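Read through the structure below, which is laid out as structure tokens, and then see the notes.
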Amino acid sequence: MDGKEDGVAAMAATYQGFDPAAYLHYNYTPPRADFENKDSVLLWKMGCLHRAFTEVILTDYLEVNRQELKRWLRNAEDSALDWTPFLKHTCKLEGRQPSAWTEKAARLRSVVSDVLYVDVHSPQPLDPGALPPVGADCLVSCFCLEASSPDLAAFNRALGHMKVLLRPGGHLLLIGALEENYYMGGPGVKIPVVPLDEAQVCASLKKMGFTLIRLEVLHAASGHEGGGGRRFWCVFCKGNEGLKRELMYTRG
Ligand SMILES: C[S@@+](CC[C@H](N)C(=O)[O-])C[C@H]1O[C@@H](n2cnc3c(N)ncnc32)[C@H](O)[C@@H]1O
């Protein structure tokens, strides 16, 4: 193994005991998910994400997380978290009554066509054939790239790998924490994060062939209980045209 692979393998090892229920309860219930607090990072994140798509493929690296997503899609009794407050808040963001949340949940379940394995550190993050040959219209990733990369170089490579999933000129919405050293995967579970500043995020996007359309930074009074994380970034950008997508389809 070279140094690059060692770092990525060390990050992968930190995810072996990941417990989606602990993560969700720690990060998606009060006091961290506070619907009364306009300054809450979760409300800001939902404001960045609430727009609708007509076909959605959900992905995660861990089988336990994919199982958790599937439980929600099946409306299973044993889902780790009750997402009702989040659905009600999304209805509010869309100018609808919170009571429309059941319709919102049904629509969301109806547009998800698959839940797939992804590894952003693989040059081919999804199985070939998972997406239409032209690539996805839009990719959305939250608190993932910096939370799975050992350093800036790996973060950049992961961005480059994601780009091969995108159709030329398609859009990428990324959300992450600024200058955070770790996040809490549950009570007492610290998972390392590569600390990035705004300039590094913008330089990485440019270097990996994305054109920045919009950057938003949230300065939260309270935030992730992580090493640093009080500031968060959200970028909306476009993959440059003329991308060599054949990369994805010619590798074994
Ligand atoms: C901080 S959590 C973010 C989860 C969720 N997106 C959110 O916003 O709450 C980090 C996520 O990165 C995923 N992850 C870890 N290594 C990965 C990899 N190599 N490729 C893709 N995702 C990875 C984990 O499974 C986990 O779901």
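Keep in mind that what you see is a predicted model, and the values were worked out from it rather than measured. When a ligand or atom number is given, it counts from 1 through the structure's own listing order.
- Residue Tyr183 has no N or O atom closer than 3.5 Å to an N or O atom of ligand 1.
- Under the side chain to side chain contact (heavy atoms under 4.5 Å, CB included) test applied with Leu58, the options Val140, Leu116, Leu69 reduce to a single match, Leu69.
- Judged purely by atom type and a 3.5 angstrom limit, Glu68 uses its side chain to pair as donor or acceptor with the backbone of Ala80.
- In this structure, Arg32 contributes its side chain and Tyr26 its backbone to a donor-acceptor pair below 3.5 Å.
- Ranking protein heavy atoms by distance to atom 27 (O) of ligand 1, first place goes to Asp60 OD2, 2.7 Å.
- We find the CG-CD distance between Asp60 and Gln67 to be 11.5 Å, quoted to the nearest 0.5 Å.
- Contact check for Val64 versus Asp19: no side-chain heavy atoms found under the 4.5 Å cut-off.
- Considering Ser122, Pro20, Cys144 only, the shortest heavy-atom separation from atom 22 (N) of ligand 1 involves Cys144.
- The shortest contact between atom 14 (N) of ligand 1 and any protein heavy atom is with Tyr61 CB, 3.7 Å.
- Under 4.0 Å from ligand 1, the heavy atoms of Asn65 that appear belong solely to its side chain.
- Protein heavy atom closest to atom 7 (C) of ligand 1, with residue, atom name and distance, is Tyr28 OH, 3.2 Å.
- When only non-hydrogen protein atoms are considered, atom 6 (N) of ligand 1 lies nearest to Cys142 O, 2.9 Å.
- To the nearest 0.5 Å, atom OH of residue Tyr61 and atom OG of residue Ser148 are 8.5 Å apart.
- Closest to atom 8 (O) of ligand 1, if we only count protein heavy atoms, is Lys45 NZ, 2.7 Å.
- At least one cation-pi condition fails for Arg96 and Trp101: the charged atom is not both under 6.0 angstrom from the six-membered ring centre and inside a 45 degree cone around its axis.
- What sits closest to atom 19 (N) of ligand 1 on the protein, heavy atoms only, is Asp119 OD1, 2.8 Å.
- Heavy atoms of Val120 found under 4.0 angstrom from ligand 1 belong to the backbone as well as the side chain.
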